[in-house]
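Below: one structure, written as structure tokens.
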Amino acid sequence: MSKLQAIRGTRDILPEESTDWQTVEETAREILQQAAYREIRTPIFEQTELFERGIGEATDVVGKEMYTFVDRGDRSITLRPEGTAGVVRSYIEHNLYAAGGVQRLWYLGPMFRYERPQAGRQRQFHQIGVEVLGTDDPRADAEVIAIATDIFKTLGLKNLHLAINSVGRGDDRETYRQALVEYFTPYKDDLDKDSQDRLTRNPLRILDSKDPKTGEIAKNAPSILDYLSDDSKRHFDRVCALLSQLGIAYELTPTLVRGLDYYTHTAFEIQSDDLGSQATVCGGGRYDGLVEQLGGKPTAAVGWAIGLERLIYLLQQLGKTSDRALDFYLVSRGDRAESTAVLLAQQLRRTGFSVEMDLSGSAFGKQFKRADRSGAAACLVLGDAEAEAGTVNLKWLKTGEQETWTRSDLLAKADELREKLR
RNA sequence: GCGGGCGUAGCCAAGAGGUUAAGGCAGUGGAUUGUGGUUCCACCAUUCGUGGGUUCGAGUCCCAUCGUCCGCCCCA
């Protein structure tokens, strides 16, 4: 098998689908811009160390999912598995904290994780994300969540729910972790195999095990909410109160833990019922320790990332896909007409119309067939007779009605024409 | 990394050891040398992901390999 094809876990976004991507990107951009977020573009690869230090060496993302290679200068390079680390690196490197109190940033681009592809999971996938750096105000947590729900709402998505939790400060979590180990250890033999491993590796993960027996045991496990420090609790209560005030429904989910080490306090996920096994479309939370951990000044921050493949999949499930918009399909035949068509197409485009010109030179019948399939609102017909007379026939593809226009009128009355094309 | 399903044309798909590999959509040409969405006709897989094996005979059975899909771990 020597056929050239896109490598495992990557895929092409073909023109038919790219319009959906554009819709999503434009919607998100507009909402983010209204909320005074500014775009940041960071490199797709970084020093491996950035992710090891930022995400945590013990996490699966760092431990087994990174695309890491040594470049020609013997540097260890990694294709970014997520966006936050790079943004924080850039924030520190360029002293963005010096530019003023709070930085509201967003980014969009491909991420890479070496995993087995399955529904809603690829090796190259895309995220749009936001980061608010430089404040621990719970209003920032609420703002960020509100923006995410706004994007989904504007796109018309349904069946989404917001799960929220607080994982506390680092030391809260450590106490809680010990409490969990204490609780689960006596049941060790009754836990599923994965959870037995998790007991040492990541006990918090046992809580959302899919194994029914483990689930039974986990029901009576201590809740993190009982281990939060006072200020952690206060922060979390405030976030929840703000969400209620904004009319954003949420589910308190004490079992929600997120995979990356840097999260503190608020952690949340927006999940869909229609997504199969990978239900999370948006995941995020607060990471007050990360900036310092990466060598910056202590800086509080919150953010999230939306998985665009998953989001677009949901959009397509709902049939909310967009067609391309084309005003004119330009048909021509005969030497003189064909060269006139080139000029006319250019003039119409400069006037603001979208025009596709038929290049086949085949019979009018064939050209009309293609006009019909092009999805254009109208067809412009140019034969040598029209070219000579300075006219063009405009045929509405829905009704079949045809009008004769002079070429100069077509351009002069562009606004009037545009109305009719809608 | 582990477990399972599936690979026949650009797409969907029949075919279950026996001479020439259905059909549909899309495409191309023609009926119609200047008017589409309907119709009709023709063309469109020397070969069934790839390699090996069993057999007189393999798309069909076996092995391997690659790809793909679904699930687990984990995550967007």
Side-chain angles (χ1 to χ4, degrees), chain A residues 1-11 14 16 55 58-66 80-84 108-129 148 192-195 197-198 201-202 205 208-211 256-260 268-272 275-284 303-314 329 331-334 337 358 360-376 378-387 393-402:
Chain A
M1 230 281 291
S2 65
K3 248 201 309 189
L4 252 26
Q5 55 182 286
I7 65 183
R8 167 169 255 198
T10 70
R11 59 183 214 107
L14 299 176
E16 199 185 352
I55 300 171
T59 61
D60 274 30
V61 170
V62 171
K64 59 177 206 189
E65 294 170 2
M66 292 207 300
R80 62 181 185 197
E82 54 95 59
T84 302
L108 164 64
M111 306 294 163
F112 305 84
R113 290 183 199 171
Y114 193 91
E115 299 183 88
R116 273 302 268 283
Q118 67 186 74
R121 169 180 300 163
Q122 293 171 246
R123 291 185 171 179
Q124 176 177 340
F125 60 102
H126 296 77
Q127 290 185 334
I128 186 165
D192 61 286
K193 201 174 170 309
D194 284 326
S195 292
D197 293 343
R198 286 191 273 232
R201 217 178 64 239
N202 191 351
R205 278 270 154 217
D208 60 359
S209 167
K210 283 166 192 165
D211 183 84
L256 174 71
V257 285
R258 302 191 36 74
L260 313 183
F268 63 90
E269 287 185 4
I270 296 173
Q271 299 163 335
S272 167
L275 217 42
S277 177
Q278 267 66 44
T280 303
V281 249
C282 174
W304 50 246
I306 290 175
L308 290 180
E309 278 80 1
R310 292 182 188 175
L311 171 53
I312 283 159
Y313 174 80
L314 289 176
Y329 190 93
V331 153
S332 61
R333 187 152 162 82
D358 192 292
S360 68
S362 53
F364 273 117
K366 297 290 174 198
Q367 296 197 48
F368 269 95
K369 205 163 273 190
R370 279 189 282 272
D372 194 53
R373 285 171 195 166
S374 74
C379 185
L380 292 173
V381 192
L382 199 51
D384 280 339
E386 290 82 6
N393 292 331
L394 188 161
K395 181 166 183 174
W396 297 99
L397 287 167
K398 269 180 213 100
T399 62
E401 282 172 59
Q402 185 163 300

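Any value given below was found using the heavy atoms of this structure, including those in side chains, with hydrogens, waters and symmetry copies removed. A note on names: the letters A, B, ... follow the listed sequences, proteins ahead of strands, and every chain is numbered from 1.
- In terms of the side chain to side chain contact (heavy atoms under 4.5 Å, CB included) criterion, residue partners of A:D211 (sequence neighbours excluded) are, by chain and number, A:D192, A:S209, A:K213, A:T214.
- Using a 4.0 Å heavy-atom criterion, one finds that A:L397 contacts the bases of the nucleic acid, with or without backbone contacts as well.
- Partners of A:E115 under the salt bridge (Lys or Arg N to Asp or Glu O under 4.0 Å) rule, at least two apart in sequence or in another chain, are A:R121.
- Residues passing the side chain to side chain contact (heavy atoms under 4.5 Å, CB included) test with A:P110 are A:I44, A:R80, A:F112, A:Q124, A:H126, sequence neighbours excluded.
- No contact: A:Q271 has no heavy atom under 4.0 Å from any strand.
- A:R370 comes within 4.0 angstrom of the backbone, heavy atoms only, and of no base.
- Across all strands shown, B:C72 forms a Watson-Crick or G-U wobble pair with B:G1, both key distances being under 3.5 Å.
- Proximity note for A:V381 (side chain, C-beta onward) versus B:G34, B:G36, B:C70: the nearest is B:G34.
- Under 3.5 Å, the side chain of A:Q367 and the base of B:U35 form no donor-acceptor pair of N or O atoms.
- Within the nucleic acid shown, A:N393 comes within 4.0 Å of at least one base atom, counting heavy atoms only.
- Among pairs with a residue in residues 364-374 of chain A, those fulfilling salt bridge (charged side-chain N to carboxylate O under 4.0 Å, His left out) read A:D358-A:R370, at least two apart in sequence or across chains.
- Side-chain contact between A:L382 and A:V331 is absent, with no heavy-atom pair separated by less than 4.5 Å.
- Listed nucleotides: B:U35, B:G37, B:C74. Nearest to the side chain of A:D372: B:G37.
- Legend: residues meeting side chain to side chain contact (heavy atoms under 4.5 Å, CB included) with A:A378, ordered by chain and number and at least two apart, are A:F328, A:L394, A:W396, A:L421.
- The residue A:R11 sits apart from the nucleic acid: no heavy atom pair falls under 4.0 Å.
- Residue A:G129 is classed as having no contact, given no heavy-atom separation below 4.0 Å to the nucleic acid.
- Partners of A:R116 under the salt bridge (Lys or Arg N to Asp or Glu O under 4.0 Å) rule, at least two apart in sequence or in another chain, do not exist in this structure.
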Find every protein N or O atom lying less than 3.5 Å from an N or O atom of nucleotides 42-45 of chain B, and list the pairs.
none

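- At the heavy-atom level, A:C379 lies nowhere under 4.0 Å from the strands shown.
- Residue contacts for A:Q122: at a heavy-atom cut-off of 4.0 Å it reaches a base atom on one of the strands shown.
- Using a 4.0 Å heavy-atom distance criterion, A:G383 is classed as a base contact.
- Considering only side-chain atoms of A:D194, the nucleotide from B:C72, B:G34, B:G67 that sits closest is B:C72.
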Please tabulate, one pair per line, each protein N/O and nucleotide N/O from nucleotides 31-33 of chain B that are separated by under 3.5 Å, including the distance.
| residue | atom | partner | partner atom | Å |
| --- | --- | --- | --- | --- |
| B:U33 | O2' | A:R333 | NH2 | 3.2 |

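- Among the atoms of the strands shown, base atoms are found under 4.0 Å from some heavy atom of A:G400.
- One finds no side-chain N or O of A:Q127 lying less than 4.0 angstrom from the OP1 or OP2 phosphate oxygen of B:A76.
- With hydrogens and angles ignored, a donor-acceptor pair under 3.5 angstrom links the side chain of A:E386 to the base of B:G34.
- Within the 4.0 angstrom heavy-atom criterion, base atoms lie near A:Q402.
- For the pair A:R373 and B:G27, the criterion of a side-chain N or O lying under 4.0 Å from OP1 or OP2 is met.
- For A:K366 against B:G36, no side-chain N or O and base N or O form a donor-acceptor pair under 3.5 Å.
- One finds no side-chain N or O of A:R116 lying less than 4.0 angstrom from the OP1 or OP2 phosphate oxygen of B:C70.
- Annotation: side chain to side chain contact (heavy atoms under 4.5 Å, CB included) contacts of A:V61 (sequence neighbours excluded): A:I55, A:T59, A:E65, A:P81, A:R113, A:L260.
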